[in-house]
Amino acid sequence: MDSLALGADLEPEPVVDEHSTVTLFVNGEETTLTVDHRATVLETLRERFGLTGAKKGCDHGQCGACTVLVDRRRINSCLLLAVTQDGATITTVEGLADGESLHPLQQAFVERDALQCGFCTPGQICSAVGMLREAADGHPSHVTEPDAATGPVALDADEIRERMSGNLCRCGAYPRIVEAIEEVIE
């Protein structure tokens, strides 16, 4: 048997570090940590920061239960690798409140009973915060009237439903979710 078949002449494979150090600004606090290259933002938030508001629903970016705000934009955190977010500002549902005072959308969800089991609620609220900013910045949706796209977009029930369509609620609290969002924009 030749030596190549036994692997005698092969060089050892180089050791590749599968971790990197990143700095994240989570809910207003700067934290530097070492993350596995395969860890998602969702896993990092839940396992390393103990922030369990964002949920792992489908793990494919289709349900919105994991929605958080990254640099003020709504993102499915189950699809975003933490290592790519060095320097990013991440806001979770836990970071929306101001001390003991709930964010207006959190308060509206409670007052309008816009939840049932509550599993999707943190993602719904973070998505709504991002959606309100997008509309204020003039970003159109599929149902936005073409002439409305030159400035802030008015949010009626159709516009809200379209913009929130990436967030699923298995309990069917959609009418109350739309009402809660409408209450905040009035």
Side-chain angles (χ1 to χ4, degrees), residues 26-28 40-43 45-46 49-80 88-186:
V26 178
N27 295 335
T40 64
V41 168
L42 176 63
E43 293 162 343
L45 290 171
R46 292 180 63 81
F49 288 89
L51 298 170
T52 57
K55 305 292 191 279
K56 183 182 267 192
C58 66
D59 208 22
H60 295 289
Q62 297 175 344
C63 72
C66 67
T67 304
V68 298
L69 302 169
V70 177
D71 295 331
R72 299 172 39 117
R73 295 186 57 143
R74 54 189 173 153
I75 301 292
N76 290 329
S77 63
C78 72
L79 298 179
L80 193 61
T89 299
I90 301 171
T91 305
T92 67
V93 72
E94 294 93 343
L96 292 175
D98 183 14
E100 295 296 315
S101 298
L102 294 177
H103 183 280
L105 274 164
Q106 291 172 314
Q107 188 65 42
F109 267 64
V110 171
E111 290 173 1
R112 290 291 186 162
D113 199 25
L115 57 115
Q116 286 182 30
C117 79
F119 188 83
C120 74
T121 306
Q124 295 275 0
I125 292 171
C126 283
S127 187
V129 169
M131 180 265 307
L132 290 175
R133 184 169 296 114
E134 291 164 12
D137 290 344
H139 299 285
S141 77
H142 182 69
V143 298
T144 305
E145 293 296 325
D147 60 338
T150 59
V153 177
L155 293 172
D156 60 13
D158 287 338
E159 192 72 49
I160 292 169
R161 280 191 292 273
E162 172 63 24
R163 289 173 183 266
M164 293 294 293
S165 65
N167 290 79
L168 303 179
C169 174
R170 289 170 179 88
C171 299
Y174 297 116
R176 297 295 181 134
I177 291 169
V178 172
E179 289 174 10
I181 295 168
E182 286 176 321
E183 181 178 308
V184 170
I185 58 177
E186 291 176 349

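All residue numbers in this chain count up from 1 along the given sequence. Just the heavy atoms: all of them, side chains too, but no hydrogens, waters or symmetry mates, feed the values below.
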According to side chain to side chain contact (heavy atoms under 4.5 Å, CB included), who are the partners of [X], at least two apart in sequence or on a separate chain?
X	answer
Glu43	Ala39, Thr40, Glu47, Lys56
Ala136	none
Asp156	Asp158, Glu159

Indicate every side-chain donor-acceptor pair of residues 122-133 with a distance under 3.5 Å to a residue at least two apart or in another chain.
from: Gln124; atom 1: NE2; to: Asn167; atom 2: O; distance (Å): 3.4
from: Ser127; atom 1: OG; to: Arg74; atom 2: NH1; distance (Å): 2.7
from: Ser127; atom 1: OG; to: Asn167; atom 2: OD1; distance (Å): 2.8
from: Arg133; atom 1: NH1; to: Arg72; atom 2: O; distance (Å): 3.0

Within residues 103-112 or reaching into it, pairs that qualify as salt bridge (charged side-chain N to carboxylate O under 4.0 Å, His left out) - sequence neighbours excluded: Arg112-Glu179, Arg112-Glu183
Tell me the closest heavy-atom pair linking Leu79 and Gly61, and the distance in Å. CD1-CA, 3.6 Å
Main-chain N/O of Ile160 paired with Glu182 side-chain donor or acceptor, under 3.5 Å: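 Judged by distance alone, no pair lies under 3.5 Å.
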Determine whether a donor-acceptor pair (N or O, by modelled atom type, separation under 3.5 Å) exists between the side chain of Ser77 and the backbone of Val41. no
Do the side chains of Arg161 and Val143 get nearer than 4.5 Å, heavy atoms only?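 When only atoms from C-beta onward are counted, Arg161 and Val143 do not touch, as no gap falls below 4.5 Å.
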Output the distance between atom [atom1] ([X]) and atom [atom2] ([Y]), rounded to the nearest 0.5 Å.
X	Y	atom1	atom2	answer
Asn76	Gln62	CG	CD	9.5 Å
Lys55	Cys63	NZ	SG	11.5 Å
Thr144	Arg163	OG1	CZ	4.5 Å

For residues 88-103, which residue pairs qualify under side chain to side chain donor-acceptor pair (under 3.5 Å), counting only residues two or more places apart or in two chains?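 Sorted pair list: Asn27-Thr92, Thr92-Glu94.
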Taking it one step at a time, do Leu96 and Leu105 satisfy side-chain contact (heavy atoms from CB on, under 4.5 Å)? CA-CA 9 Å; Leu96 292 175; Leu105 274 164; over 6 Å; no
